[in-house]
4 protein chains.
Amino acid sequence: MPRTPAQFEEIREARRAAILDAALHVFAEKGYASSSIAMIAKQAGISKGLMYNYFDSKEGLVKTLLTEGFDIFVEVFDRDKDGELTDEEFIFFLDQTFEILKGNIPFWKLYFAIMSQADVMSMLGEVMMEKLSPYFNTMQNYYAQKGYENPMAQMRVLGALLDGVCLNYVADPEGFPLEDAKKIIIDKFI
Amino acid sequence: MPRTPAQFEEIREARRAAILDAALHVFAEKGYASSSIAMIAKQAGISKGLMYNYFDSKEGLVKTLLTEGFDIFVEVFDRDKDGELTDEEFIFFLDQTFEILKGNIPFWKLYFAIMSQADVMSMLGEVMMEKLSPYFNTMQNYYAQKGYENPMAQMRVLGALLDGVCLNYVADPEGFPLEDAKKIIIDKFI
Amino acid sequence: MPRTPAQFEEIREARRAAILDAALHVFAEKGYASSSIAMIAKQAGISKGLMYNYFDSKEGLVKTLLTEGFDIFVEVFDRDKDGELTDEEFIFFLDQTFEILKGNIPFWKLYFAIMSQADVMSMLGEVMMEKLSPYFNTMQNYYAQKGYENPMAQMRVLGALLDGVCLNYVADPEGFPLEDAKKIIIDKFI
Amino acid sequence: MPRTPAQFEEIREARRAAILDAALHVFAEKGYASSSIAMIAKQAGISKGLMYNYFDSKEGLVKTLLTEGFDIFVEVFDRDKDGELTDEEFIFFLDQTFEILKGNIPFWKLYFAIMSQADVMSMLGEVMMEKLSPYFNTMQNYYAQKGYENPMAQMRVLGALLDGVCLNYVADPEGFPLEDAKKIIIDKFI
DNA sequence: AATGAATGAGAGTTCATTCAT
DNA sequence: AATGAATGAACTCTCATTCAT
């Protein structure tokens, strides 16, 4: 009995996910430029040729990884998008951020690797900013409603700190004291 | 009649500086792996071949950039290396850090590009850690002598914050409120 | 529908042989260091890149040529490896040597080109010695059992003579009187 | 007081010899293609540029080495060029050959390295043959006057043997039993 | 006469991408 | 849908040769 169209779709979807997963890990391990399509295909258990049946190019692959990666991130914070934050919610907010970080180290490795390459960034910068701005708005609102003098700057500093923690953590997950850092941040930035 | 040794030395020094400058900007812009010797040579206005009269390899080039870049950084902080810090000195310390940051944007772009590439890091990790550890020690000492519970974590968080500020600033020097950030950091981390 | 594994295997085997054949002739003609992958690829009618789908490196290519070339040589003499030789067998032995020589001129050209290049020799010396030593042992045994005073020296002289004949023959296959030489050698060295 | 033209000439001559000597040793060590002008200049203690004041090109250098090297060889045997040889003279002849071999290992290394490269040979082959033919004629005459059936073949076999001994000796001067070989050759080929 | 900075062609090698099957 | 052989451009690096001084 031949496969139904739905079955085909299912197989395709699973394979697509496998390729993205393989690509994420290879990119995170070796960096974007130093990763080859051959490595990714091998890791995904398929041929190089078939890769191009699923993704247009190496660049398309990394763009998909980044945009879909951020979508997951955004989903989690979606409910708080426009709301006001209590202190408990803000703590929860930070907690969530750290949980996502811990669960997606390869993604954040890739994120920082790509971030530092102006040419790739120029294509992704807008997309990312659009997705992340609700998150930043939430932070800024928090400081605004607490009556801080310069809530934008407060938000940028906190954002920078989270970037920095993220960068240090993915560079050395064993060595960086993530839990201690969380306490200190909550202590200072609430 | 040949040039005098002094003349040759002069030529070499000027060329060397031009190559390093070109390399710094290209690496900062594209990342290490995505930069080619051809790009750097073109930027420096010389032939590919001449590069190798001045530097052994692409790797040697980036190592030189980073070690000499950090040397400038280290020089400034040298006098405080082992001493204890008063609050004023700590503020001065942060001030200096920000001044250096403002004056060397391409260098710090390169620094982050390197930081996020595991393969390059593996060859540079030691060099960098050696140069930076006195700086981190100074910070840790500061928190230790102020009686903080976990000075190492305090230091790591401050380090992460400075990384993050640096990262955000070099990504968008006009948009990031560096002066405001400095005030907030001094306020919170002293 | 993809080619079957058997079809791929067929293609690979044919290409591999074509590359080895091209490489043998180019190396034999120009020597190892002066032969370029571009020349070999051109001779084989393929792109430079494809070479590396079949062989790891230029060095790998020449190693393969030499080991597989010697294997043919070794195969012929395998049965006599450890045995004692009668005069008839010794004559047969020389006969075989000359036949192999006549049928593989480019290989022996390569062999001498390699022999005279210290840097290549250093990577091949072991492989070659391992393959050739049974052959030399056979000769030495022959002289030992005939009661010669210094069988090792006899063997070395005979080996040198065969090298020299080989060298002269490959340099000028038409001009060198191979058959006459064989008679003289059998006459003097039996 | 300025140097006299004769003094200039003397300096030039000494320098020329130093360059040739340096080149011979570098070529013998690394092979022709793998030796660089930079290495040779360094070994000779002069600049690359000055090399080209003495020799047109790398190829010119090796041609000079080979032709002048053979001249030395030829000189020694000059007196016997056309004469008839007694057995004692023939032994002396072989003796001389071995002495020259022992005293000029780098030259013979270079000779064999170049011999195996058809393209270089094509330029040198004629020159060399012209210089060596008296030597071969002497050998052939020796066998002719002793009444051998095929003196040309005898000569070619002896020539091949001397080639082979030379090749084996320069490849491994410590290991090859040159003195034993000489005795065996005299024993068999007189 | 002498230097070594500088070039440019070409070396070995890698790899994203295409394509016949 | 699927393969991996094949290409070609670009990579890092080397070096004989030239040339301003």
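Keep in mind that what you see is a predicted model, and the values were worked out from it rather than measured.
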Margin query: Assuming nearest nucleotide by heavy-atom distance, tell me which of B/Ala38 and D/Met39 is located more 5' along DNA chain F.
Written below: B/Ala38

Check: Do A/Phe107 and A/Phe70 have ring centres separated by under 6.0 Å?
Finding: yes

Specify the closest pair of heavy atoms between [X] and [Y], including all atoms of both residues, with the distance to one decimal.
{"X": "B/Ala22", "Y": "B/Gln43", "value": "CB-CG, 3.5 Å"}
{"X": "C/Met51", "Y": "C/Ile37", "value": "CG-CG2, 4.0 Å"}
{"X": "B/Leu65", "Y": "B/Leu20", "value": "CD2-O, 3.5 Å"}
{"X": "B/Ser57", "Y": "B/Gly60", "value": "OG-N, 3.0 Å"}

Can you measure [X] atom [atom1] to [N] atom [atom2] for me and round it to whole angstrom units?
{"X": "D/Phe27", "N": "F/dC15", "atom1": "CZ", "atom2": "P", "answer": "13 Å"}
{"X": "B/Phe8", "N": "E/dG4", "atom1": "CZ", "atom2": "P", "answer": "6 Å"}
{"X": "D/Ile40", "N": "F/dA16", "atom1": "CD1", "atom2": "P", "answer": "8 Å"}
{"X": "C/Arg3", "N": "E/dT18", "atom1": "CZ", "atom2": "P", "answer": "18 Å"}
{"X": "C/Gln7", "N": "F/dA5", "atom1": "CD", "atom2": "C1'", "answer": "12 Å"}
{"X": "B/Ile37", "N": "E/dT7", "atom1": "CD1", "atom2": "P", "answer": "15 Å"}
{"X": "A/Glu59", "N": "E/dC15", "atom1": "CD", "atom2": "P", "answer": "18 Å"}

Item checked: Residue met sooner reading DNA chain E from 5', once A/Ser35 and C/Ala33 are mapped to nucleotides -> C/Ala33

Note to self: Quick one: does any side-chain atom of D/Ser34 pair with a main-chain N or O of D/Gly31 as donor and acceptor, under 3.5 Å?
What the structure shows: no

Notebook entry, point to check: Are the side chain of D/Ser35 and the backbone of D/Lys30 linked by a donor-acceptor contact shorter than 3.5 Å?
Noted result: no

Item checked: Any strand: nucleotide that pairs with F/dT21 via Watson-Crick or wobble, under 3.5 Å -> E/dA2

Item checked: Paired nucleotide for E/dG12 [Watson-Crick or G-U wobble; both distances under 3.5 Å] -> F/dC11

Notebook entry, point to check: Of all of residues 9-17 of chain B, which get a heavy atom below 4.0 angstrom from DNA chain E, listed by number?
Noted result: B/Ile11, B/Arg12, B/Arg15

Next item on the list: Within residues 42-57 of chain C, find the residues that approach DNA chain E with a heavy atom at under 4.0 Å, and present them sorted by residue number.
Entry: C/Lys48, C/Gly49, C/Tyr52, C/Ser57

Note to self: I need the full list of side chain to side chain donor-acceptor pair (under 3.5 Å) pairs touching residues 8-18 of chain B, with sequence neighbours left out, sorted by first then second residue.
What the structure shows: B/Arg12-B/Asn53, B/Arg16-B/Glu68

Next item on the list: Please indicate whether A/Lys58 has more than 12 foreign heavy atoms, meaning atoms of other residues, nucleotides or ligands, lying under 6.0 Å from its NZ.
Entry: yes

Check: Are D/Ser36 and F/dC15 close enough that a side-chain N or O sits under 4.0 Å from OP1 or OP2?
Finding: no

